[in-house]
Amino acid sequence: MTQVPVAEHQKMTIGGPASGRFYFEGAESLRQICSGDEVRLLRLAEERFGVTLVSRGNWIDITGAGAPAAEEFFRELCQLRRLRGRTLETRDFEIMCRGGANGCSVSELWAERVRVSPKRREVLARSRRQLAYLRAMRTHDVVFGIGPAGTGKTYLAMAMAVSEFLAGNVSRIVLTRPARESGERLGFLPGTLEEKVSPYLRPLYDALYEMMTPDEVQELTGRNVIEVAPLAFMRGRTLNGAFIILDEAQNTTRDQMLMFLTRMGFGSRCVVTGDPMQSDLAPGEPSGLEHAMRTLRALPELEFVRFDTADVVRHALLEKIINAYAEPPARGAGK
């Protein structure tokens with residue numbers, strides 16, 4: 001962003017411990033970084049930084065102890081809008097406000113952006129660990145992304161798969177996950193085999209549609225260039241020139257994990273994602289993901305990237321929910 005002279009970024013002491021005035025490039029810039037939802041998003045920023053915000057035309061007055069951090073936040077948002085060349089989405093504002101990039105500048109994140117379908121916007125890392133995850137997928141043939149829900153493990157892996165395919169670095173995409181019921185007994189499912197396993201694979205399609213249009217997905221799956229299948233269908237195959245993603249790997253057994261990892265052929269890349277805290281395996285049944293983490297951690301050709309709740313990039317409440325479940329119950333709490 002073209003900055004006004006430093007003197008015009010006035011630092012004052014009236015109204016609070018620190019104050020400042022942040023200038024935008026034009027009258028529309030605030031609307032462009034707030035997606036037309038200024039009132040709600042500015043209140044979110046007030047809560048996050050502990051400041052009071054008053055907007056007028058092309059500037060915002062910022063009052064409170066968090067004024068310097070709030071100014072930097074708006075500066076980074078304006079830079080992201082300029083780089084994207086379009087109005088930001090609400091989630092851009094919310095994610096940057098909840099923690100920004102954890103020490104990464106917007107320029108650094110933009111340099112590592114992932115280009116997907118021309119009809120979809122570029123994918124950016126949202127934290128330092130996400131940035132490390134993208135770099136690992138670019139430099140290693142096998143990468144494990146491990147951590148809680150909402151940290152972008154599958155989303156970024158899917159973005160990288162689509163990017164590598166569109167760039168001609170791989171000739172196909174193979175997406176798989178174990179067909180395990182999540183704590184329920186669904187009983188007999190009617191229909192063809194494809195219809196029976198489709199509910200288990202729906203999350204992979206959801207991520208895929210974030211990177212490509214429905215028409216593009218339908219065309220490529222129809223030509224079997226993109227294949228979405230249960231893990232059991234991988235047995236006996238050798239996958240050459242493919243970008244392979246194993247999702248929900250915490251639900252694999254040791255034998256299934258070994259079977260999957262040995263499907264890789266020449267020119268293939270592999271990403272394994274999982275959350276050890278959300279296993280649907282039977283009690284006492286060893287996890288293939290945890291076994292692989294112990295067995296393969298010394299191999300330099302593999303990379304393990306571990307996320308935590310600070311990397312959550314979904315709804316702001318999700319991080320609090322995950323942390324609450326991770327805490328031991330208070331003494332005397334009801335069952």
Side-chain angles (χ1 to χ4, degrees), residues 1 3 9-25 28-84 86-110 121 123-131 147-152 155-156 307-327:
M1 186 184 71
Q3 297 292 326
H9 273 271
Q10 300 168 5
K11 299 296 181 184
M12 302 168 286
T13 57
I14 59 173
S19 300
R21 174 168 292 178
F22 184 85
Y23 289 83
F24 296 94
E25 292 178 343
E28 290 299 310
S29 289
L30 178 59
R31 177 170 293 271
Q32 289 169 344
I33 70 167
C34 290
S35 309
D37 192 14
E38 292 98 325
V39 174
R40 185 182 70 84
L41 294 180
L42 290 181
R43 298 295 80 79
L44 181 66
E46 285 184 328
E47 180 182 352
R48 167 67 177 83
F49 296 104
V51 296
T52 298
L53 302 174
V54 178
S55 62
R56 291 287 187 275
N58 70 328
W59 51 263
I60 285 184
D61 270 342
I62 307 171
T63 305
E71 283 193 27
E72 181 61 23
F73 162 70
F74 284 112
R75 188 174 296 111
E76 291 280 276
L77 274 179
C78 288
Q79 184 181 13
L80 180 59
R81 187 201 64 78
R82 188 179 74 252
L83 289 169
R84 284 205 185 279
R86 69 189 79 167
T87 299
L88 299 184
E89 296 183 2
T90 298
R91 62 180 176 179
D92 287 315
F93 191 104
E94 292 176 338
I95 290 170
M96 294 291 288
C97 188
R98 293 208 320 266
N102 299 126
C104 302
S105 68
V106 166
S107 298
E108 189 177 6
L109 299 180
W110 188 257
R121 66 177 195 164
V123 174
L124 271 66
R126 299 296 187 177
S127 71
R128 186 162 292 282
R129 287 190 186 89
Q130 286 196 355
L131 192 62
T151 50
Y155 181 83
L156 293 178
F307 298 90
D308 60 30
T309 54
D311 301 297
V312 171
V313 292
R314 290 188 197 163
H315 194 285
L317 185 57
L318 182 57
E319 179 181 354
K320 297 179 181 179
I321 292 173
I322 294 172
N323 285 330
Y325 269 87
E327 293 176 357

* Asked: Any side-chain heavy-atom pair from Leu53 and Asp61 closer than 4.5 angstrom?
  -> no

* Qualifying residues under ring-ring contact (aromatic ring centres under 6.0 Å, His included), relative to Tyr155, sequence neighbours excluded -> none

* Side chain to side chain, Gln32 and Phe24, heavy atoms closer than 4.5 Å -> no

* With sequence neighbours left out, write down each residue that passes side chain to side chain donor-acceptor pair (under 3.5 Å) with Glu46, or none if nothing qualifies. => Arg43

* To do: Search all heavy atoms of Phe74 against all heavy atoms of Ile33 and return the closest pair with its distance.
  => CD2-CD1, 3.9 Å

* **Donor-acceptor under 3.5 Å (Gln130 side chain, Arg126 main chain)** => yes

* Heavy-atom pair of closest approach, residues Ser55 and Leu30 -> CB-CD2, 3.7 Å

* Would you name the heavy atoms of Cys34 and Leu42 that are closest together and state the gap between them? => SG-CD2, 4.5 Å

* Asked: Where do Ala67 and Val51 come nearest, in terms of heavy atoms and distance?
  -> N-CG1, 3.5 Å

* To do: Using the test salt bridge (Lys or Arg N to Asp or Glu O under 4.0 Å), find all partners of Glu89 that sit at least two apart in sequence or belong to another chain.
  => Arg91, Arg121

* Asked: Charged N to carboxylate O below 4.0 Å: is that the case for Arg129 and Asp308?
  -> yes

* **Phe93/Phe73 aromatic ring centres below 6.0 Å** => yes

* Side-chain contact test, heavy atoms from C-beta onward, threshold under 4.5 Å: evaluate it for Arg21 versus Ile60 and give yes or no. => no

* To do: Can you see which heavy atom on Pro148 is nearest to which on Phe307, and at what distance?
  => CD-O, 3.5 Å

